[in-house]
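Just follow the structure's listing: the first ligand is 1, and inside any ligand the first atom is 1.
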Amino acid sequence: MTQQDWMRWHDAYDEPGSSLKERLDIVRRWVAAALDEGASRAVSLCAGQGRDLLPVLAGHPRRGQVRARLVELDERNVAAARSAAPEGVEVVCGDAAVTGSYAGAVPADLVLACGIFGNITDDDVRRTVATLPQLCAPGAMVIWTRGRHEPDLVPAICEWFEGQGFERVAVEGEGTKYGVGVHRYAGPPVALEPGARMFTFVR
Ligand SMILES: C[S@@+](CC[C@H](N)C(=O)[O-])C[C@H]1O[C@@H](n2cnc3c(N)ncnc32)[C@H](O)[C@@H]1O
């Protein structure tokens, strides 16, 4: 872990017009789309305060039918997420990088990997993408983000997803500071192998 204050990091979400708020609005729109189409199990890796999933879920007509597990390491963010979590949402204080953290919560129909790919090595991004099928039910929607800072890794990440059985649904944020990717898992079911590590934060 780094010196980054991951609670304060969320402050930019409250600044009107901030690029992070723009990114949040896009992610929330896709979360709503996944819930509209019937997603009933969701997981969020490095969930932070759950600002993307939780408010959308709390206001959605299908909220009573959705089970979600958010995995987050920072206890302050865990507390904030728990205070915003509707029934059916479990906020786990733990390591989102290890596959075992998802035992009992996957395969999911909605997987959030937001705010991760800019904080880990490119090799770890690739490893994470290759492991995500273990978290996904067939047809699952994965929503992910990556800063557009140079070198822009968004095109490569899309290729990595598409090499692992995912189909591109959308890539948004062109011309902004953030890319938001949406991929659908079109491959076969893959069993969860607890004990694998997907990534380590380096920033
Ligand atoms: C950039 S923030 C993104 C938060 C949230 N996903 C969002 O987009 O609003 C990254 C979060 O990952 C958490 N984190 C870092 N390493 C982690 C790990 N190994 N397991 C769980 N959470 C981790 C940090 O505490 C921080 O809250």
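Aromatic ring pairs are classed by plane angle as parallel below 30°, tilted from 30° to 60° and perpendicular above 60°; the pair Phe199 and Phe201 is tilted.
For the pair Leu45 and ligand 1, the shortest N or O to N or O distance does not fall below 3.5 Å. Considering backbone and side-chain N/O atoms, Leu73 comes within less than 3.5 Å of an N/O atom of ligand 1. Considering backbone and side-chain N/O atoms, Trp9 never comes within less than 3.5 Å of an N/O atom of ligand 1. Among the atoms of Cys114, some N or O lies under 3.5 angstrom from an N or O of ligand 1. Checked by distance only, ligand 1 and Phe199 stay at 3.5 Å or farther apart across all their nitrogen or oxygen atoms.
Using a 4.0 Å cut-off between heavy atoms, Asn77 contacts ligand 1 through its side chain alone, with no backbone atom that close. The residue Arg76 has no part lying near ligand 1, judged by heavy-atom distances below 4.0 Å. Neither the backbone nor the side chain of Ser44 comes within 4.0 Å of ligand 1, counting heavy atoms alone.
In this structure, Arg41 pairs ionically with Asp109, as a charged nitrogen and a carboxylate oxygen lie closer than 4.0 Å. Between Arg184 and Glu167, none of the side-chain N atoms (NZ, or NE/NH1/NH2) sits under 4.0 Å from a carboxylate O, so this pair counts as no salt bridge. The pair Asp14-Lys21 does not meet the salt-bridge criterion, since no charged nitrogen lies less than 4.0 angstrom from a carboxylate oxygen. A salt bridge is absent between Arg62 and Glu37: the closest approach of a Lys/Arg side-chain nitrogen to an acidic carboxylate oxygen does not fall below 4.0 angstrom.
Every atom of ligand 1 is numbered from 1 in the order shown, and the set under 4.0 Å from a heavy atom of Asp95 is 18 (C), 19 (N), 20 (N). Atoms of ligand 1 lying under 4.0 Å from any heavy atom of Gly94, numbered from 1 in the order shown and given with element: 20 (N), 21 (C). Close approach to Tyr13 involves these atoms of ligand 1, each under 4.0 Å from a residue heavy atom: 7 (C), 8 (O), 9 (O). The contact set between ligand 1 and Ala96, taken as ligand atoms under 4.0 Å from a residue heavy atom, comprises 18 (C), 20 (N), 21 (C).
Among Tyr178, Phe201, Phe117, the residue whose heavy atom sits closest to atom 15 (C) of ligand 1 is Phe201. Closest heavy-atom approach to atom 14 (N) of ligand 1 among the candidates Ala12, Gly48, Cys46: Cys46.
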*asked:* Pair Glu72, Trp6 - check side chain to side chain donor-acceptor pair (under 3.5 Å), show working.
replied: CA-CA 10 Å; Glu72 165 61 34; Trp6 290 118; over 6 Å; no
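Within the 3.5 Å criterion, the main-chain N or O of Gln49 finds a donor-acceptor partner in the side chain of His10.
Defined by atom type and a distance below 3.5 Å, a donor-acceptor pair is missing between the side-chain atoms of Gln164 and His183.
The aromatic ring centres of Trp160 and Phe166 sit 6.0 Å or more apart.
Close to ligand 1: Glu72, with a non-hydrogen atom less than 4.0 angstrom away. At least one heavy atom of Arg23 sits closer than 4.0 Å to an atom of ligand 1.
The cationic group of Arg23 lies under 6.0 Å from the six-membered ring centre of Tyr178 and within 45° of the ring axis, placing it in a cation-pi geometry.
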